[in-house]
Participant: 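Below is one structure. I have some questions about it.
Predicted model, so just to flag it, every value in this text is computed and none were measured. In what follows, chains are A, B, ... by sequence order, proteins preceding strands, each numbered from 1.
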There are 2 protein chains.
Amino acid sequence: MNWENKIISEEQNQTARFAKAMSHPIRLYVLDLLAKQTCCYSGDLSEILPIAKSTLSQHLKELKNAGLIQGEIEPPKVKYCLNMENWKLAQKLFKNFLKL
Amino acid sequence: MNWENKIISEEQNQTARFAKAMSHPIRLYVLDLLAKQTCCYSGDLSEILPIAKSTLSQHLKELKNAGLIQGEIEPPKVKYCLNMENWKLAQKLFKNFLKL
DNA sequence: AATTTAGTTCGCAAATTTACGAACAATATT
DNA sequence: AATATTGTTCGTAAATTTGCGAACTAAATT
């Protein structure tokens, strides 16, 4: 998954990567929440969402790997926020893609 | 994948479904093309894209299942276009989600 | 030093995705 | 009727995703 065969542009590959990060309801929910309020703790999410905390942790890791969120350690908790730089990039890419 | 547990809204589920359809570079490329020009033939895509035509056919099927495109049979070819109703819905959902 | 708290990582199973070539279907042409 | 064209479906393999509980880590508290 990452055609550098010139047919699919790097912009399209990046858009697809972001879309993939958004393609699971749990992850979309987390992003949606972080876009509304500034930050949240992993524990807050764990209480609300009907999944094991190990599963949640994996989803958060994927969002981090996609560059859409970042976690700040506040022992013993972890505070998650959007990675604003990449969130703005995602806004730009989807705006272009969807012709908004 | 489809939490009707009231925590994740139907809107969020739908947004995630669209995101999933967009989450593969090949599918994103097809959508991008159809958003730029009105329609295209399966064969045109097959010539351009570096994948087997059976694989392309599967991707097109997924886009159809997600409701984002529709295929019109013009024997012996198939002409694909965006499903404008759902494309507009996707625009709306992503606009809301990304706060554009 | 033992315990508690908050999260992550590991190991595993089940399901889904991605990809291909071969076989098939439907229409158009010879 | 045989052939060619265009796509889809089938069968299969490999990789990835999703999810869980158990085990682990790190810091704070007792």
Participant: Shorter than 3.5 Å, N or O on both sides, protein versus nucleotides 22-30 of chain C: list them out with atom names.
Facilitator:
none

Participant: Is there a residue in residues 56-64 of chain A whose heavy atoms reach under 4.0 Å of DNA chain D, and which residues are they?
Facilitator: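 By residue number: Q58(A), H59(A), E62(A).
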Participant: Once salt bridge (Lys or Arg N to Asp or Glu O under 4.0 Å) is applied, do any residues pair with K95(A), and if so which ones, sequence neighbours excluded?
Facilitator: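 With neighbours one apart ignored, the set is empty.
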Participant: To the side chain of A52(A), which of dC20(C), dT8(C), dG21(D) is closest?
Facilitator: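 Shortest atom-to-atom distance from the side chain points to dG21(D).
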Participant: Round to a whole Å and report the spacing from CG of L49(A) to C1' of dT18(D).
Facilitator: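 That distance rounds to 15 Å.
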Participant: Looking only at side-chain atoms of Y80(A), point me to the closest of dT16(D), dT8(C), dT18(D).
Facilitator: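 Ranking dT16(D), dT8(C), dT18(D) by closest atom to the Y80(A) side chain puts dT8(C) first.
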Participant: Return the CD1 to OG distance between I51(B) and S46(B), rounded to the nearest 0.5 Å.
Facilitator: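 I51(B) CD1 to S46(B) OG: 7.5 Å, rounded to 0.5 Å.
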Participant: Does the side chain of W87(B) reach to within under 4.5 Å of the side chain of L98(A), using non-hydrogen atoms?
Facilitator: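 Touching, per the 4.5 Å side-chain cut-off.
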Participant: According to side-chain hydrogen bond (donor to acceptor under 3.5 Å, both in side chains), does anything in residues 26-39 of chain A pair up with another residue at least two apart or in another chain? List the pairs.
Facilitator: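 Every side-chain hydrogen bond (donor to acceptor under 3.5 Å, both in side chains) pair that includes a residue of residues 26-39 of chain A, provided the two are not neighbours, is R27(A)-H59(A), R27(A)-E62(A), D32(A)-K36(A), D32(A)-Q12(B).
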Participant: Would you say the side-chain atoms of S23(A) pair up with the backbone N or O of K20(A), donor to acceptor, closer than 3.5 Å?
Facilitator: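 Side chain of S23(A) to backbone of K20(A), a donor-acceptor pair under 3.5 Å: yes, one is there.
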Participant: Ignoring hydrogens and angles, tell me if any N or O in the side chain of T15(B) forms a donor-acceptor pair with the backbone of E11(B) under 3.5 Å.
Facilitator: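 Yes.
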Participant: Tell me every residue that passes side-chain contact (heavy atoms from CB on, under 4.5 Å) with E85(A), counting only those two or more places apart in sequence or in another chain.
Facilitator: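 Partners of E85(A) under the side-chain contact (heavy atoms from CB on, under 4.5 Å) test: N83(A).
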Participant: Going by salt bridge (Lys or Arg N to Asp or Glu O under 4.0 Å), name the residues that satisfy it together with K79(B), two or more places apart in sequence or in a different chain.
Facilitator: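 Partners of K79(B) under the salt bridge (Lys or Arg N to Asp or Glu O under 4.0 Å) test: E74(B).
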Participant: Need one value for T55(A): base, sugar-phosphate or nothing, where a base atom within 4.0 Å counts as base even if backbone is also close, heavy atoms only.
Facilitator: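 Counting heavy atoms under 4.0 Å across all strands, the contact made by T55(A) includes a base.
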